[in-house]
Each structure stands twice: as C-alpha cells, then as structure tokens.
Participant: 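First the structure, then my questions, so here it is.
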Amino acid sequence: MADLEEVRQRIEQLRTDIRRYDYHYYVLDQPLISDAEYDRLFRELQELEERYPQFVTPDSPTQRAGAPPAEEFGSVEHHIPMLSLQNCFSEDELAEWADRVQRMLGPAEVEYVCEPKLDGLSVELVYMDGAFTMGSTRGDGRVGEDVTRNLRTIKQVPLRLFSPDGPPPRLLEVRGEVYMEKEAFRRLNREREKQGEPLFANPRNAAAGSLRQLDPSVTAGRPLKLFCYHMGRAEGIEIRSQAELLTVFPKLGLPVNPIWKLCRSLPEVIAFYHELLRGRDHLPYESDGMVVKVNDFAQREVLGEVSRAPRWAIAFKFPAEEATTQVRDIVVQVGRTGALTPVALLAPVELSGATVSRATLHNEDEVRRKDVRIGDWVLVRRAGEVIPEVIKSIPERRTGGEREFTMPDRCPVCGGPVERPPGEVAHRCENVSCPARIKESIRHFASRRAADIQGLGEKLVDRLVDSGLVRRVSDIYRLRKEDLVALERMGEKSAQNLLDQIDRSKGMPLARLIFALGIRYVGEHLADVLAEQFPSLEALSRASYEELLAVPEVGPRIAQSVVDFFRNPDNRRLIEELRAAGVAVEAGRPVKGPLSGKTFVFTGALAGLTRDEAGKLVEALGGKVSGSVSRKVDYVVVGADPGTKLARAQELGIPVLTEEEFRKLVGR
Ligand code: IVH
C-alpha cells in the first residue's frame, strides 16, 4: 500500500514538473531542461500510468492526444455570450468612439488597453477547480461547438491552472484566440502541396480547419497556438481590469500576448497603433488591426453592449492585405538561378497601404492550378514582407475575352533556350551569361541581408551590367572611381561612397557571404547553420556530401546543392576572384572564447611581447583589438610611455590594465 502511495506521489510530482516545463517551453519560450531530459520524464510518467491505470486523470500531460475521432461536435452554450467587435478604419472614427465612451462615463478618467487583433479563431476554455473541463468555439456567440478534445492537444493550453498561493479559482471561463504562426502555416502548406492535398488560403483558415477536426490526432499534428485576452464568468478569483487580467493570466499558466499597452489618452492609443502597424510585418502571426479596450471592468459594466458588440471595445483595423483587381497582362521574369517566374501585371490597387501593380504567380503549374487568365479578376494578397501574390481567379466575373497564359520556350531576356528540368516546377533559362541572371545574382549579393552594399540598387545594377562594366559578381570589386564617374548621373561623391561600401563588404561575416553566393536552397537561416559548422568558405567549399549531410538541418537536397555549387567551375572561379579581391573567404568566424565580445586597446610599449603578438593572443581567446579608445572598448592595456589613449580611457572610466595584469588575463 505504501508502495502504491509512493507511485501516486511520483506520478503527481512528474505531472507538476512536466506542466512547469511545458509552460516554460511552449508559453514562455524559455526551456528549463534539455529535450532529452524532458523525454525521459515524460516516458517515465507514461510507463507509470500504463502500469497503474487507476491513477490516470484527464488533466495528465500524457492525455493531450489520443482520443478517438468523434462523429460530430456537440454544442456548448456560452453562459455569457461571446460578442464580436465593432470596427473602425480611421483615427476620426476612433475619436468618435472614444468621445461616446467618455460621454457615457462622465468626468471619470478613462484608460485604454491596446492589443494586436489576432486573426484566428476565438474560443472559450472553462476551468473548474483549476482543471480544464470544456473548450468551445465561438459559434454564433451563444452556442458554439465542443472542441475540448482538440484544444487539449494544443501544448499551450494548460490542462491544469497554476495556483501557487492557495486553491485555484472554482470557475474561470477564459477566452482567447487559437491561431497559427505565418511560418508554420507556410510549412504546413508546403507539406500539403507535396502530399497533393488542397492548400489553406491563409493562416486563419488553417487554424480553423485544424481545430475543427473530428479526429483530435489530426489537430495534434498541427502547429496551433493560443493567446488569452478575455474572460467570461469567474468564481473564486477577482480581476478588475484588463491590465490586471493580462498580468494574472500568465501566473495561472495561461498564455497572453506580451504585446499590449496601457494608454491614458487617445493620442497614446493612436501612437501605439502606428507602432503596431510599422511592426506588423515582423510579427510571427497575422494581425489585422489593434483592439482598443476600456481598461476598467466597472466602467465596462456602465457602457454595456449594442447589437452583440460591446461599447467598451473597438477594433481599429489595419489597411487591407487582400484586394480584388484585374490582370492586365502576364509577363515572365528571370531570376538569378535562371528560373522563369510568371508575374501578373495588375490594374493598380491599394493593399496594406501601398499601391500594388504586380503580383507573383510563382510558376506555370500555379497559373494552371489557380486558373489565372489575362483579363481575369483576381484576389491578391500581401502577407508580411512577401511580394504580393495572386491567391485565386474569380471565374464568375469572366466575360469571354480572357486569354490563357503559356510559358515561352525562349528566354524573354536573352532569347536562350528554356528548359523545365524533370521533377522541377520551374522553367529555366539555361544561359549562364543571361543578363537577367547576372543582374539578379548581383542584386542578391549586394542586398541588405547579404553583402549589404548600400547604394548598389536595382537601377545601378542595370546600368553596370548594361554598360558592360560588370559581367559577374566579382567584377564589383574591380570597379574604379573613373568607371563609375563615367556613368550617367553618378557624381564623384556617390562614386566614392559606393566604393567605400564595396570595400567595407569585404569583411562581411561568413554566414552573410555564404548567403550572398545564392546557393540553391541555402537561405539566410541555413547560411547561419553552415557558418556555425565550417570555419571558412574554403572549408565549406571542400566539404563532401557526407560531411554536409551530417550537419543538423541539412538534408540530401541541400547537401547535393552545396556540393554542386562548389564543383561548378564558374563558381570556383568566382570564389577565387573574390579571394583575390580581398573578400574574407578564408577568415573564419570569430572564435568563441573567454574574451568573446571584449575589445582591447594597446598603448605604449610592452616589454615582453610585440603589439602584434598581444593582439593575436586576444583574438585567439575570442576578443577584438581596436586602434582607438571609445565607449565600446572594454580594456586599455598600458605599456611604457603611454600616449593620449591612457588619458582618454581614464576620462571614459574604462578599466586600465598593466602589462602584467594583461598577461594574467590571457594566461601568459
Ligand atoms: S477581445 C468582444 N481581444 O476578434 C470582446 N478579441 O472581430 C472580446 N480578437 O470575436 C474580444 N484579437 O475573436 C479581443 N486582442 C483581442 C482579439 C480579439 C482577436 C477577435 C475575437 C473577436 C473578434 C471580433
């Protein structure tokens, strides 16, 4: 018996620990333990529960998935109706709303909480005595669908609330949004495309489709997330304002969006709206506006609701990301790998606050799949920083004059032959010296996330290639001032600025250099991964297929592409030329060591070693050496007869080391 009690206690302990690890991993994104350690604990719990099924409870972390599919969803009544939000689209409309609020509340001070509006699916989660007992969709606001078993599979949904001090609330109805991050959505669609399954139109549809699955194991495999932002009934817990709710929920283990702001005036609200709008593209999820809510719950009571939307909240929408317009023509663009991309030329339309007149159609198969014809009305969309894209045609609006698009069999830029390699979706121009390909590779090389050569923009690349000054990427390192000045519209000063930028780029970090080369399938992230594994471009270029395959995240397709790239004689010549031009192809990534991130300055003569030797010692331990003293310097090492650098260091309060102290630090 004592044994059974011990087992029960061990099971409880494991559950408590795993819940805490889950919370740190899934909600805070700050894992406390390694994956291996977590798996070990999880397996131990699973095994104990298998051997002692009498101890299995529905709120155990092992019970997230695995329930059999349902015939249909049951319906659930929301005790307090789930309302919708009124929208507004301008600062004037927002001000009108705020005026009405203020008028209804009299002289009382009104504070607002502003949050990003999430574009997902709203749900209600019911917690009784801390246990998750029921989850439902919004439905028509009064009656929703019972998706309890599906919600249980979402790792961010706590199956049991934390209640560090005292018992958990008797009842808490939590409301929030189930959503899918943009990147996860893209990955899911890529996977579905491979499997030949229909694609989801946007992350919201993907989230809704994933949550409303009769088989919870399907939901479990979908990357859904949750943010909580509201509550229904509550007993045994008192929350008086939105700011309090957003502070208390995380303590209960409920995920809330960390982005929110308590504003004390309308101008503050508006300023925050612009901040969110500017940052919108960088959010990992889609947001279609900002929700402004009266902070104080007592004031909300006074305001009440009209036509199923509260008066105390409003959604201030962002400019639309989707619009309909007409396709005037479909042209073909040639990219740096020679891939031919059909592009729709559109009747200009407002999208996310910008005028859009082109949208990508990706490839010929996509044009067929979406059945887009010249003259068609289409739905276009701009998601994040991505180029606008044609989502679908609207065949109902056809008049009969529309024309189908066919891929040309000659490159529209150089007239060279076009091939579609077996197994690939893209048609390619096979001519390696096609000017379009050269221009695109140079643009890519010079782009912000690659060599970051400011001033080498689209138009200048055109002129450099068209004038014959640049025939390949390495030629940009051979440009002379007189060549540039001879170009139309290029002054002495901008020529010099450009040359300085080009010169500076020679020291770009390895990851950027790898990315800049434009190796197929090697995007920014993979370039980082490769730069972590190989000390130099030289080393990477000598890596075998097997060595590459051993790198985490590198699969056969990428490994082969890297090997092919460095085998290609043109690319080898390119790297040789980059080296000759002084680009750091051999320089390794900065060494990680005890002095990583520390900068040293030397002044005066050292007795036992030369400046050069001292510098090498610092670098070998991961530090850097600088020639001048600034606030960024961590140590100034002083020898005999120090110069003004010592005085400057003292002025800035930078630690000064004697030669002996320095030797101790570097272990010499
Ligand atoms: S508060 C009605 N906050 O937008 C008051 N709703 O278009 C309770 N939504 O039904 C909702 N983000 O599903 C609130 N930060 C947020 C939200 C949000 C998205 C959804 C919610 C609502 C819908 C109305």
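Each ligand, and each atom within it, is numbered from 1 in the order the structure gives. Heavy atoms only: backbone and side chains are in, while hydrogens, waters and symmetry mates are out.
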Participant: Go through the side-chain N and O atoms of Gln242 and Arg300 and say whether any donor and acceptor fall under 3.5 Å apart.
Facilitator: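 Side-chain D/A pair, Gln242 to Arg300: present.
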Participant: What residue and atom, counting heavy atoms only, is the protein's closest point to atom 12 (N) of ligand 1, and at what distance?
Facilitator: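 Answer for atom 12 (N) of ligand 1: Leu118 N, 2.9 Å.
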Participant: Regarding Glu389 and His362, is there a side-chain donor-to-acceptor distance under 3.5 Å anywhere?
Facilitator: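 Result is yes, a qualifying pair exists.
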Participant: Assert yes or no for the condition that the ring centre distance of Trp97 to Tyr112 is strictly below 6.0 Å.
Facilitator: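 Here the rings of Tyr112 and Trp97 have centres that are less than 6.0 Å from each other.
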Participant: Decide if the gap between the ring center of Tyr229 and the ring center of Phe249 is smaller than 6.0 angstrom.
Facilitator: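 For Tyr229 and Phe249, the ring centres are not under 6.0 Å apart.
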Participant: Looking at Leu83, which atoms of ligand 1 are within less than 4.0 Å of one of its heavy atoms?
Facilitator: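 Those of ligand 1 that fall under 4.0 Å from Leu83 are 2 (C), 10 (O).
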Participant: Salt bridge check, Lys182 against Glu286: does any charged N sit closer than 4.0 Å to a carboxylate O?
Facilitator: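 Salt bridge between Glu286 and Lys182, a charged N being under 4.0 Å from a carboxylate O: no.
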Participant: Could you identify the single nearest non-hydrogen protein atom to atom 11 (C) of ligand 1 and state the distance to 0.1 Å?
Facilitator: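 Checked against all protein heavy atoms, atom 11 (C) of ligand 1 sits closest to Tyr229 CE1, 3.8 Å.
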Participant: Provide, to 0.1 Å, the distance between atom 20 (C) of ligand 1 and the closest protein heavy atom, together with that atom's residue and name.
Facilitator: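 Of every protein heavy atom, Glu177 OE1, 3.5 Å lies nearest to atom 20 (C) of ligand 1.
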Participant: For atom 8 (C) of ligand 1, what's the nearest protein heavy atom and its distance?
Facilitator: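 For atom 8 (C) of ligand 1, the nearest protein heavy atom is His230 CD2, 3.7 Å.
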Participant: Looking only at non-hydrogen atoms, find the nearest pair between Leu226 and Gly176 and report the distance.
Facilitator: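 What the structure gives for the nearest pair is CD1-C, 4.4 Å.
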Participant: Please verify the inter-ring angle class for Tyr179 with Phe227; under 30° counts as parallel, over 60° as perpendicular, anything in between as tilted.
Facilitator: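 If you compare the ring of Tyr179 with that of Phe227, the planes turn out parallel.
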Participant: Is ligand 1 under 4.0 Å from a heavy atom in the side chain of Glu115, in the backbone, in both, or in neither?
Facilitator: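 Looking at Glu115 and ligand 1, just side chain atoms fall under 4.0 Å.
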Participant: Under 4.0 angstrom from ligand 1, any heavy atom of Tyr179?
Facilitator: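 Distance cut 4.0 Å: Tyr179 fails for ligand 1.
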Participant: Judged on heavy-atom distance to atom 1 (S) of ligand 1, which of Arg138, Met231, Lys293 sits nearest?
Facilitator: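 It is Lys293 that holds the nearest heavy atom.
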Participant: Name the closest protein heavy atom to atom 24 (C) of ligand 1, giving the residue it belongs to and the distance to 0.1 Å.
Facilitator: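 Checking every protein heavy atom, the shortest distance to atom 24 (C) of ligand 1 gives Leu85 N, 3.6 Å.
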Participant: Under 4.0 angstrom from ligand 1, any heavy atom of Gly120?
Facilitator: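 No.
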Participant: Select one of side chain, backbone, both or neither to describe which atoms of Val291 lie under 4.0 Å from any atom of ligand 1, heavy atoms only.
Facilitator: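 It is the side chain that touches ligand 1; the backbone stays farther off.
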Participant: Among all the protein's non-hydrogen atoms, which is closest to atom 23 (C) of ligand 1, and how far away is it?
Facilitator: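 The answer is Lys117 NZ, 3.9 Å.
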Participant: Is the Phe185 to Phe200 ring centre distance short of 6.0 Å?
Facilitator: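 Aromatic pair excluded; centres sit 6.0 Å or further apart.
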Participant: Please examine the side chains of Val291 and Leu85, heavy atoms only from C-beta on, and report whether any two atoms are closer than 4.5 Å.
Facilitator: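 They are in contact (side-chain heavy atoms under 4.5 Å apart), so the answer is yes.
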Participant: Pairing donors with acceptors under 3.5 angstrom, does anything connect the side chains of Asp92 and Ser90?
Facilitator: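 There is no such pair between these side chains.
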Participant: Can you tell me if Ser84 contacts ligand 1 (heavy atom of the residue under 4.0 Å from the ligand)?
Facilitator: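 A heavy atom of Ser84 does come that close to ligand 1.
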Participant: Which atoms from ligand 1 have a heavy atom of Pro116 less than 4.0 Å away?
Facilitator: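 Close to Pro116: 15 (N).
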Participant: Is there a heavy atom in Arg175 that sits closer than 4.0 Å to ligand 1?
Facilitator: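 Arg175 does not count as a contact of ligand 1 under the 4.0 Å cut-off.
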Participant: List ligand 1 atoms under 4.0 Å from Trp312, heavy atoms only on the residue side.
Facilitator: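 Reading through ligand 1 atom by atom, the close ones are 5 (C).
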